[in-house]
Chemist: 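Got a structure for you, questions after.
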Amino acid sequence: MSELRESVDICVVGAGHAGCEAALACARLGLETVIFTVSVDSIALMPCNPNVGGTSKGHLVREIDALGGEMGKNIDKTFIQSKMLNRSKGPAVHSLRAQADKAEYTRAMRKVLENQEHLTIKQAEVCELLVEDCDEVTEKTSKTKKIVGVKTFTGTVYECRAVILCTGTYLKARCLCGEAITYTGPNGLQAANHLTDSLLNLGIEMRRFKTGTPARMDRRSLDFSKMEEQFGDERVIPFSFSTDPEDVQIDQVSCYLTYTNEKTHDIIRANLDRSPIYAGIIEGTGPRYCPSIEDKVVKFADKDRHQVFIEPEGLHTNEMYVSGMSSSLPEDVQLAMYRTVPGLENCKIVRNAYAIEYDCIDPKQLNPTLEFKDISGLFSGGQFNGSSGYEEAAAQGLIAGINASLFLQGREQIVLDRSQAYIGVLIDDLVTKENFEPYRMMTSRAEYRLLLRQDNADLRLRQIGYEVGLVSEEVYQKTLHKKEQIEQEVQRLKNTIVGASGKNQDFLTAHGSAPLKTGVSLAELICRPELTYEMISEIDIERKSLPAEVTEQVEIEIKYEGYIDRQLKQVEHYKKMEKKKIPADLDYNDVGSLRLEARQKLTSHRPVSVGQASRISGVSPADISVLLVYLESYKK
């Protein structure tokens, strides 16, 4: 075995979407960082659908960008189709989604990593975490061990002061296609088979989850005339606030929509006994909100068809992705099933659909900073934390990278709360709630979603990115200028009164709006559902030209002011509970009148605040009242 020893500040284990964001954050904050991957070719790989964003996920990408992350910039460089989803609904649920050129996305992200100062890429399998006992256990922390390094399979030791685990779906992975089982990671890449034992030896609780992916087909074998063509937006909006909107106005490729039918479903039902999911071969729990086609047919038996999107994998390949039909059925069943779908009658499968099982952790072992509660310097991000999706992974990787760096720099770590960001909702749900299946972000999970829109992510989070050190002075000043322009324009519209002149009345009548009986402000007119900021330019004689990103915010702030104010009041109450911190060494058995279930749950989760405690399943409002009274006496 090798006797090599190297010394760095931070080791990042895994180079998927979480690992890339984590490593870039650490290196950009000046820490010597090494990122390990079982294959350099798998950096930022998209083993499932090659797209970024989508409902609620688009919010995450915008927030990553606002904090100084890379995902938004990378998809802006490599997308081949872009759409704003939910346009017919309110701005709270508008979500950007872009189809990526799969190979280009990986290549572009790898190039960023390779040219980043303080960052080294290493193709090696990390098989052991090296820890030592902490020098002392203080009242503020319950940590008994600390990270001192990692060891690779070849025996090389990397001494470090922090480790970020971003292993994705690679830990003890196995792929299943009917009766055929291969012990590999996604896309046939090498699995990481040795680290799990080291984690178990450290007392880390592991889980077994699964996910799946559909087949890829040869474009030449498909009949698109039997499908509905799906186009991108005429005017593309970039993901990154730093991308020039003119740079993303490209010729886009088409996607296609088709549907399953009763023939498809009959084939699936007749072969359920050959599905590893229903035959009991798969041990892991799959994602509820991204089910396989077998699950859809069984659980939604009343539906006579399911949507199937046929999407290109890139500009330089004939492979087409069959979105909506992930499966672990045998190859012969897959081919028969797919060939019942209109347009796929003569399809040729390039890559079979498969399910993948992998080891991950129970995330309640983490603090909201994504550092393990018991091991100092050990952080974690991505699907390893029991989540699903590239965007959820990247968001966690960024926060883990930021906090690992701040930890080593002796600075206060950041925790985004539920009122600040979708990232805050994501992480709080992971570390607080019981998650027995891969977690997926959804807009419905965010209580304050009217405040947490994708369009205002920079206004919410740029300052944090700037204070951390990932957002430049120039970029931050641009955001401040944008904020100032919005505030000034809103105020001007509220202060500008228009009367019932003939011109104004004609304007209102032409747009189906009630005529004026007295003078009103321009802001009051914008509040009318049938009128917009753009429309009233006809009667707004003092208006100056402003950027579209400013006028968008102005209109939303004015139209939704009442709802926004109501949510801000809710946030005030929420923040009071979040500010009430709970000592890490508090013994809940000492809290009289606390129910037994609450004691057990609180002892298990060890929440950092009363607010977090209130969101734990099994802890009632009465338990929180008891805890608050006890904490007052505890302080005294």
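All values below come from the heavy atoms of this structure, side chains included, with hydrogens, waters and symmetry mates left out.
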Chemist: Among side-chain atoms of S240 and D65, is any donor-acceptor pair under 3.5 angstrom?
Modeler: yes

Chemist: The test is side-chain contact (heavy atoms from CB on, under 4.5 Å); show your working for I414 and I399 and say whether it passes.
Modeler: CA-CA 8 Å; I414 67 165; I399 297 301; 4.0 Å; yes

Chemist: Please answer whether the main-chain N or O of M217 pairs with a side-chain N or O of R219 as donor and acceptor at a distance below 3.5 Å.
Modeler: no

Chemist: Yes or no on side-chain contact (heavy atoms from CB on, under 4.5 Å) for Y354 and S326, after CA distance, side-chain angles and deciding distance?
Modeler: CA-CA 7 Å; Y354 63 87; S326 66; over 6 Å; no

Chemist: State whether D41 and R110 are salt-bridged, where the test is any N-O pair (Lys NZ or Arg NE/NH1/NH2 against Asp/Glu carboxylate O) under 4.0 Å.
Modeler: yes

Chemist: For F407 and F379, run side-chain contact (heavy atoms from CB on, under 4.5 Å): C-alpha distance rounded to whole Å, both residues' side-chain angles, the deciding distance at 0.1 Å, then the answer.
Modeler: CA-CA 10 Å; F407 164 74; F379 293 79; 4.0 Å; yes

Chemist: Less than 4.0 Å between a side-chain N and a carboxylate O, is that true for K145 and D133?
Modeler: yes

Chemist: If only side-chain N and O atoms count, and only distance matters, is there a donor-acceptor pair under 3.5 Å linking S42 with T37?
Modeler: yes

Chemist: Apply the test side-chain contact (heavy atoms from CB on, under 4.5 Å) to residues I427 and L370: give CA-CA distance (whole Å), side-chain angles for both, the deciding distance (0.1 Å), then the verdict.
Modeler: CA-CA 8 Å; I427 293 173; L370 296 182; 3.8 Å; yes

Chemist: Scan residues 160-182 for pairs that pass ring pair (Phe, Tyr, Trp, His ring centres under 6.0 Å), counting only residues two or more places apart or in two chains.
Modeler: none

Chemist: One thing to verify: whether R174 and D359 come together as a salt bridge, which I'm taking to mean a side-chain N less than 4.0 angstrom from a carboxylate O.
Modeler: no

Chemist: Would you find a donor on one side and an acceptor on the other, under 3.5 Å apart, between the side chain of S221 and the backbone of K348?
Modeler: yes

Chemist: Got a donor-acceptor contact below 3.5 angstrom from the Y338 side chain to the A215 backbone?
Modeler: yes

Chemist: Look up atom CG in L398 and atom CG in L60, then write down how far apart they are to the nearest 0.5 Å.
Modeler: 11.0 Å

Chemist: Strictly distance-based, threshold 3.5 Å: is any side-chain N or O of S198 a donor or acceptor partner for the main-chain N or O of L129?
Modeler: yes

Chemist: Which pair of heavy atoms, one from C134 and one from S376, lies closest together, and at what distance?
Modeler: SG-CB, 4.3 Å

Chemist: Under a 4.0 Å threshold between the charged nitrogen and the carboxylate oxygen, would E70 count as salt-bridged to R28?
Modeler: yes

Chemist: Output yes when a side-chain donor or acceptor of E125 lies under 3.5 Å from a complementary backbone atom of H194, and no otherwise.
Modeler: yes

Chemist: Looking only at atom types and distance, does a side-chain atom of Y390 sit under 3.5 Å from a main-chain N or O of G16, one as donor and one as acceptor?
Modeler: no

Chemist: How about T78 and D101: does a side-chain donor come under 3.5 Å of a side-chain acceptor?
Modeler: no

Chemist: If we check side-chain hydrogen bond (donor to acceptor under 3.5 Å, both in side chains) with E392, which of these qualifies: K57, Q383, R440, H17?
Modeler: K57

Chemist: Pick from V131, I10, L130: which one makes a side chain to side chain contact (heavy atoms under 4.5 Å, CB included) with I147?
Modeler: V131

Chemist: Name all pairs fulfilling the ring pair (Phe, Tyr, Trp, His ring centres under 6.0 Å) condition that reach into residues 25-59, sequence neighbours left out, sorted by first residue then second.
Modeler: F36-Y158, H59-Y422

Chemist: Assess whether salt bridge (charged side-chain N to carboxylate O under 4.0 Å, His left out) is satisfied between R351 and E319, documenting all intermediate values.
Modeler: CA-CA 9 Å; R351 307 185 203 212; E319 278 190 82; 2.8 Å; yes

Chemist: Under a 4.0 Å N-O cut-off, is there an ion pair linking K102 with E313?
Modeler: yes

Chemist: Using distance alone, with no hydrogens and no angle criterion, decide if Q396 and S387 have a side-chain donor and acceptor under 3.5 Å apart.
Modeler: yes

Chemist: Over all heavy atoms of both residues, which pair between T169 and A173 is shortest? Give the atoms and the distance, please.
Modeler: O-CB, 3.2 Å

Chemist: Where the side chain of R62 meets the backbone of Q454, is there a donor-acceptor pair that is under 3.5 Å apart?
Modeler: yes

Chemist: Can you tell me if E311 and N49 form a side-chain donor-acceptor pair at under 3.5 Å?
Modeler: yes

Chemist: Should the pair D428-K433 be classified as a salt bridge under the 4.0 Å nitrogen-to-oxygen rule?
Modeler: no

Chemist: Taking N367's backbone N and O only, do any of them form a donor-acceptor pair with E371's side chain (distance below 3.5 Å, no angle check)?
Modeler: no

Chemist: Counting only heavy atoms not in E331 (residues, nucleotides, ligands), do more than 12 fall under 6.0 Å from its CD?
Modeler: no

Chemist: What pair of heavy atoms forms the shortest contact from A22 to I164, and how long is it?
Modeler: CB-CD1, 4.0 Å

Chemist: If you count every heavy atom of other residues, nucleotides or ligands that lies below 6.0 Å from K151 atom NZ, does the total exceed 12?
Modeler: no

Chemist: Could you report the tightest heavy-atom contact between Y321 and C48, atom names first, then the distance?
Modeler: OH-SG, 3.2 Å

Chemist: So, does N435 use its side chain to make a donor-acceptor pair with the main chain of G386 at under 3.5 Å?
Modeler: no

Chemist: With a sphere of 6.0 Å drawn around NZ of K122, does it hold more than 12 non-hydrogen atoms of other residues, nucleotides or ligands?
Modeler: no

Chemist: Spell out, as yes or no, whether a donor-acceptor pair under 3.5 Å connects the side chain of R220 to the backbone of N318.
Modeler: no

Chemist: How long is the gap from CG on N352 to SG on C177, to the nearest 0.5 Å?
Modeler: 4.5 Å

Chemist: As a quick check of understanding, evaluate salt bridge (charged side-chain N to carboxylate O under 4.0 Å, His left out) for R418 and D429, giving each step before the final call.
Modeler: CA-CA 9 Å; R418 300 181 74 89; D429 279 352; 2.8 Å; yes

Chemist: Testing the basics here: between F372 and L165, what is the closest heavy-atom pair and its distance to 0.1 Å?
Modeler: CE1-CD1, 4.4 Å

Chemist: Would you check if there is a donor-acceptor pair between the side chains of T152 and T154 at a distance under 3.5 Å?
Modeler: yes

Chemist: Might you point out which heavy atoms bring C166 and G19 nearest each other, and give the distance in Å?
Modeler: CB-N, 3.6 Å

Chemist: Rounded to the nearest 0.5 Å, what separates atom SG in C347 from atom CE in M320?
Modeler: 12.5 Å

